[in-house]
Amino acid sequence: MTFLEEIARRRTFGIISHPDAGKTTLTEKLLLFGGAIQEAGAVKNNKIKKGATSDFMEIERQRGISVATSVLAFIYQDKKINILDTPGHKDFAEDTFRTLTAVDSVIVVIDVAKGVEPQTEKLVEVCRMRKIPMLVFINKLDREGKDAFDLLDEVEQKLGLTVTPMSFPIGMGYDFKGIYNIWEKKLNLFSGDNKTSISEGVEFDDLSNPELDTIVGKKAADTLREEIELISEVYPDFEREEYLSGSLQPVFFGSALNNFGVKELLDAFINIAPAPQPKKAEERLVDSKEKKMTGFVFKIHANMDPKHRDRLAFIKIVSGTFKRNSPYLHVRNGKKVKFSSPNAFFAEKKEIVDESFPGDIVGIHDTGNFKIGDTLTEGEELNFKGIPSFSPEHFRYVNNADPMKSKQLYKGLDQLMDEGVAQLFTLDMNGRKVIGTVGALQYEVIQYRLEHEYGAKCSYENLSVHKACWVEPEDIKNDEFKEFKRVKQRYLAKDKQGQLVFLADSEFTIQMTQSKYPTVKLHFTSEFK
Ligand code: GDP
């Protein structure tokens, strides 16, 4: 296969959803089509059970599982599919945001009964801002749920999307008879017992055919005819270009648990979803078809075994062919590095590979050299963009609880922050360290890991911060900026990259600051240049 063919056949995507909507179940069924796993239950569910927040074993288990499910790859109809795992739990949202920088498209899973839930809203917003192509899968049609049209409205309104149904349910819950595949003009009947088998739909390109009445009953047949007509009047036709540019989102219905509607989703997906896309670097746009290898680190995972402190850095290949034992430039530290055992991922396993192509994810053993966002090239000074930090929601001072181990503490903190577990701020005034996280769970993870991996102990102290605002650096002679720095001295800190951050204690403070110092520009993500 040629290099260009290798690129054209890759589909790298993430599945996003609110916990419990059915992401794990859908992933499992997708893998089934690739013949990658034989039975259900093989994809580990990596969600944290309710009430487990203080259970450290659970955290450990969680970390192990997320390594295992970080990337799931399989071949379907000659396409190489890479599914990147995106934790649904809100405390791990940062991790998901970062993973979204490495996908070329996403599938959004929505529970038919619950509709659009908060975590879905947040994640879709990030995809919308980045114009990532999205497909929507409305799941659990075997259960009673919301009316399909109401749900489409809700998706449009709450998620700010423009949808076009590609399939439509016939009945729901107890009365669920099947799905009409508008895209392929096929009827799929639901029998409820084909949980793992793969069923083909029957061609049905003319809904006025009276046979429909015999198959699903007159009433359901008439309703379907009306609904399909309404759909063709109300919703825009599917245009691939619009889907690819993020302005149109096709919707599918089904039941992941019953493996129903999943094949239709996958078949459409491999046809319409984008192959590896060009990616913006600070210097220029890098096309996947360029011959020279470029890639970036989007995730770092610590080893489960505390005796081996090496980590696995996940690299998304943007262009060129990544080769084992080839020297690559680690742009941030200016060093050439070779990798003798890069891992590729297949189904739920990882194995050493000689070559990887754009769209693929390579796992590299790292002893602490990589940071999230680092770029690898064949020599060019490139820095890929697009891994912003958002303001954390929780802030605590971190104190050293074992003065004999301060070196270990700082090393541990440094490495954990490189992994993107949390954000570290250093107060200008007194050098105290503040850890910002998305969820309270992270504080326990950090404390536990510092102790077990670095032999350091820490304690926390609450700090009342509402939001971290990144401050655009200004001409130091600017009086307003000087005044701002003098007045707000106690609330100023540096993030890990040395950028100036204002830790505001309330929304009111932010507004007051903005009106008092209009030339001081505050930003709510770290990426504003
Ligand atoms: P995740 O948290 O999004 O990964 O959700 P899971 O895949 O773990 O699913 C959550 C629960 O919903 C599990 O108990 C699944 O068995 C169930 N579930 C998933 N898909 C369906 C479906 O199509 N119908 C029904 N009735 N239940 C489903």
Side-chain angles (χ1 to χ4, degrees), residues 13-33 37 39-52 58 61-62 65-66 68-72 83-93 95-96 99-100 106-124 127 134-146 148 151 167-179 188-199 251-266 348 439 441:
F13 74 106
I15 305 181
I16 57 177
S17 73
H18 193 86
D20 274 348
K23 183 167 69 84
T24 310
T25 313
L26 179 64
T27 308
E28 210 169 83
K29 303 299 174 188
L30 291 173
L31 282 171
L32 211 59
F33 287 100
I37 52 167
E39 24 174 321
V43 178
K44 315 272 185 322
N45 200 324
N46 75 348
K47 73 182 134 196
I48 296 182
K49 303 272 178 309
K50 242 202 201 135
E58 183 66 21
R61 195 186 65 85
Q62 164 73 24
I65 288 167
S66 53
T69 56
S70 278
V71 186
L72 293 160
I83 308 182
L84 307 195
D85 186 46
T86 53
H89 192 286
K90 73 168 176 38
D91 285 13
F92 292 93
D95 207 27
T96 298
T99 300
L100 291 177
V106 303
I107 294 180
V108 185
V109 181
I110 291 173
D111 181 324
V112 71
K114 296 197 178 132
V116 173
E117 297 177 86
Q119 207 50 28
T120 323
E121 270 182 78
K122 268 198 190 166
L123 296 171
V124 167
C127 295
M134 283 181 260
L135 276 175
V136 179
F137 182 70
I138 296 182
N139 189 28
K140 308 196 187 179
L141 264 287
D142 58 315
R143 288 202 187 156
E144 284 313 318
K146 301 188 180 185
L151 207 49
S167 71
F168 209 73
I170 308 168
M172 192 180 284
Y174 183 71
D175 270 339
F176 182 52
K177 296 203 166 53
I179 278 171
N188 280 62
L189 292 178
F190 180 65
S191 61
D193 60 1
N194 56 347
K195 290 194 179 180
T196 53
S197 69
I198 297 165
S199 63
V251 179
F252 291 82
F253 290 84
S255 165
L257 187 63
N258 293 292
N259 199 0
F260 192 77
V262 177
K263 182 173 183 294
E264 291 68 29
L265 174 75
L266 181 59
E348 68 275 49
L441 191 53

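Read the numbers this way: they start at 1 and go in the same order the structure lists the ligands and their atoms.
- Interface of S17 with ligand 1, defined as ligand atoms under 4.0 Å from a residue heavy atom, comprises 3 (O).
- Every atom of ligand 1 with a heavy atom of K23 under 4.0 Å away is listed here by number and element: 1 (P), 3 (O), 4 (O), 5 (O), 7 (O).
- Among L189, N188, D142, L141, the single residue meeting the side-chain contact (heavy atoms from CB on, under 4.5 Å) criterion with F260 is N188.
- Between A256 and ligand 1, a contact under 3.5 Å exists for at least one N or O pair.
- Of all the heavy atoms of N139, the ones lying under 4.0 Å from any atom of ligand 1 belong exclusively to the side chain.
- Residue S255 has at least one heavy-atom neighbour below 4.0 Å for each of these atoms of ligand 1: 22 (C), 23 (O), 24 (N).
- By the 3.5 Å distance cut-off applied to N or O atoms, N258 is not counted among the residues near ligand 1.
- Looking at L26 next to ligand 1, no N or O pair under 3.5 Å apart turns up.
- Counting heavy atoms closer than 4.0 Å to ligand 1, residue L257 contributes atoms from both its backbone and its side chain.
- For ligand 1, the atoms sitting less than 4.0 Å from at least one non-hydrogen atom of P19 are 2 (O), numbered in the order shown with element in parentheses.
- Taking both residues in full, the closest heavy atoms of N139 and A21 are given as ND2-O, 2.8 Å, listed atom of the first, atom of the second, then distance.
- In this structure, V112 and M172 approach most closely via the heavy-atom pair CG2-CE, 3.9 Å.
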